[in-house]
Amino acid sequence: MLGDLAVLASATAPLGLMLALWVLAQISRRFGQVMGRPPLYRGFYAALVLLLPPLVVRLLAVGLTASEQRATGGGSAWALAHDLPLAAAVTLAVVVAWRYWGWLVRGQEARGTPPRSRG
């Protein structure tokens, strides 16, 4: 019973990441509309879709015994169905976020504006 609750609670990780990606997509969409940027924010939606298999795998693990849960780990198909889409989603989201929001990190020097003279 307590193990099932823990497995069910573990499903909040992909859900939280999905919510964060949705918010980033909405903010990036508005930013892109205002600044006339290409619609790269759609990559956040693709990453969101890639998070569905890990969520399903975690929800399907509810009700499994401890030995069955151990059998689904390691190099099994269940582990790959969880880990590969999760890694792809995070990688895609980081690339899109860097393309959209990297100017915040690079600062003013990267925009080509000359530094102010002191004096």
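Heavy-atom basis, side chains included; hydrogens, waters and symmetry copies ignored.
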Over all atoms of both residues, closest heavy-atom pair of L55 and M18: CD2-SD, 4.3 Å

When clusters are formed from ILVMFWY side-chain contacts under 4.5 Å, directly or step by step, what else is grouped with V95? none

Just jot down the side-chain contact (heavy atoms from CB on, under 4.5 Å) partners of P85, sequence neighbours excluded, or say none. P53, P54

State which residues pass side-chain hydrogen bond (donor to acceptor under 3.5 Å, both in side chains) with W101; sequence neighbours excluded, sorted by chain then number. S28

hydrophobic_cluster_shared for I27 and V105, side chain cutoff 4.5 Å: no

Sequence neighbours excluded - side chain to side chain donor-acceptor pair (under 3.5 Å) pairs with any residue from residues 12-21: none

List the residues meeting side-chain contact (heavy atoms from CB on, under 4.5 Å) with A47, not counting sequence neighbours, and say none if there are none. L21, A89, L92, A93

With sequence neighbours left out, which residue pairs that include part of residues 39-48 fulfil the side chain to side chain donor-acceptor pair (under 3.5 Å) condition? Q26-Y45

Sequence neighbours left out, what passes side-chain hydrogen bond (donor to acceptor under 3.5 Å, both in side chains) with R30? Give chain and number order. Q33

Which residue pairs pass the side chain to side chain donor-acceptor pair (under 3.5 Å) test when at least one of the two sits in residues 87-100, sequence neighbours left out? none

Name all residues meeting the side-chain contact (heavy atoms from CB on, under 4.5 Å) criterion together with V90; count only those two or more places apart in sequence or in a different chain, and write none if there are none. L17, V94

Output the distance between atom CG (L86) and atom CG (L51), rounded to the nearest 0.5 Å. 6.0 Å

